[in-house]
Colleague: 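One structure coming up, written as structure tokens, with questions to follow.
Each ligand, and each atom within it, is numbered from 1 in the order the structure gives.
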Amino acid sequence: MNDPSLCPLLQVDLDAIAANTRQLSALTTAGLLAVVKADAFGHGVTEVARTALDHGAAFLGTATLQEALAVRERGIDAPLLCWLTGPFTDFGPALRARVDVAAPTVQHLDAVAAAARATGRRARVHLHADVGMARDGAPAELWGVLCRHAARLERVGLIKTAGVMGHLGCADDPADPHTGDGLTRFRRAVAQARRAGLRPAYRHLAATAALMTSPDTHQNLVRIGAGLYGIGPGGTGVPLRPATTLTAPVTTVRDVPARTPVGYHHGHITDRPTRLALLPLGYGDGLPRAAQGRAQVLVQGRLRPVVGEFSMDQIVIDVGDAGIEPGESVTLLGPGLRGEPTLGDWAAWAHTLPHEICTALGRAARIERRHLPAQARPVHQLEIPA
Ligand SMILES: *Cc1c(COP(=O)(O)O)cnc(C)c1O
């Protein structure tokens, strides 16, 4: 594979997504809502949604309505919820596409009811409670009003309250008392909804971290994003599989003497005669500049440092004495099975979350994304020595 015209390649292993869906479903009796927002965390919404549904997910979820409508346009008609909309959204398209919508305010309910009147379709709503992160749910002091308004709109046939949802902000630390507080607030919110006459079929609070560490938060539906993609809290013993492998072909190679300055601001100076190889991707393709000075890549089975500042379109690696040629592929990240860096390593180097790295790589126009089908063995696993 020595074709210098090759571009960086992000391989998404759908078999890993399938296995993670099954592993995570097995942790609970609750149904699994697969979160495919942000193009399935950069992994490809269509392929991930289909794979998750094939392997046990009962529901799909997105942040925005646009994302949900895009799921429908791909011909996927599973139950689908979106939870991030403005109070004056035209919900007509949501109702026509049978998309459930979250409502955190009475204005949302009114907009949904107006769309129900306009389309002649009853809206399915999930009332969204803030249980302690002051982000996108209704604060406790407005919850009663929200529930009573929903009940009125139910009685006139415009909406059905299909769910009550909340979201936990600190569940990645199982010892954090805010998770217990959040659960208490959520139970209170559900009880209040019932007192208003609502009978939400779905009660959902937990995302990946709470699913894996706090069984009492599961309710009867869990909304799982990160875990599908192999990202989860450590120490749970649940073997999630990272799904992405990023490789890039070497563009050019040069031999340089000691004390050669490399890249912008001479961010690196070689300390010995060595060989530098250029890779055709940089921070414009989602490689975080904050990983400068720490990042490494796997070259012919050995880790080699990225040297100097990251450019927008390129990075330089010091390959030592490796006899590498233009077109040869190096591995920037993968599951780690061959010693290559993982998404977690990149996140640590850049002082960020793996989520931020994979969403950035997934939307990079100059990286080709390819899906390996579920069940088929991915390329990188064929290379593991027995
Ligand atoms: C992103 C998101 C999730 C998924 O969280 P993970 O930690 O990735 O599993 C669940 N619920 C809401 C409201 C979200 O925004």
Colleague: Might you work through the side chain to side chain donor-acceptor pair (under 3.5 Å) test for Asp173 and His178, ending with a clear yes or no?
Modeller: CA-CA 10 Å; Asp173 175 4; His178 292 107; over 6 Å; no

Colleague: Should Gly225 be counted as touching ligand 1, given the test is an N or O pair under 3.5 Å?
Modeller: yes

Colleague: Would you tell me which option among Ile231, Thr208, Val222 has the nearest heavy-atom contact to atom 9 (O) of ligand 1?
Modeller: Thr208

Colleague: Do Glu67 and Val36 come within less than 4.5 Å of each other through their side chains, counting heavy atoms only?
Modeller: no

Colleague: For ligand 1, which atoms have a heavy atom of Phe41 less than 4.0 angstrom away?
Modeller: 8 (O)

Colleague: Just distances here: any N/O of His355 and N/O of ligand 1 closer than 3.5 Å?
Modeller: no

Colleague: Check the orientation of Tyr202 and Phe59. Use parallel for under 30°, tilted for 30 to 60°, and perpendicular for over 60°.
Modeller: perpendicular

Colleague: Is Asp130 paired with Arg188 through a side-chain N to carboxylate O contact shorter than 4.0 Å?
Modeller: no

Colleague: Who's the nearest protein heavy-atom neighbour of atom 5 (O) of ligand 1, and how far?
Modeller: Ala207 CB, 3.4 Å

Colleague: Contact between Val125 and Leu109 at the side-chain level, heavy atoms closer than 4.5 Å - yes or no?
Modeller: yes

Colleague: If the threshold is 4.0 Å, N to carboxylate O, is there a salt bridge linking Asp318 and Arg272?
Modeller: yes

Colleague: If you round to the nearest 0.5 Å, how far is CG of Asp77 from CG of Leu80?
Modeller: 10.0 Å

Colleague: Just which atoms of ligand 1 are under 4.0 Å from any heavy atom in Arg135?
Modeller: 13 (C), 15 (O)

Colleague: Arg223 versus ligand 1: do any nitrogen or oxygen atoms come within less than 3.5 Å of each other?
Modeller: yes

Colleague: Of the side chain and backbone of Met133, name the one, both, or neither that has a heavy atom under 4.0 Å from an atom of ligand 1.
Modeller: neither

Colleague: May I ask you to list the atoms of ligand 1 that are less than 4.0 angstrom from any heavy atom of Lys37?
Modeller: 1 (C), 2 (C), 3 (C), 14 (C), 15 (O)

Colleague: Geometry only, no angles: is Ala226 polar-contacting ligand 1 at N/O separations under 3.5 Å?
Modeller: yes

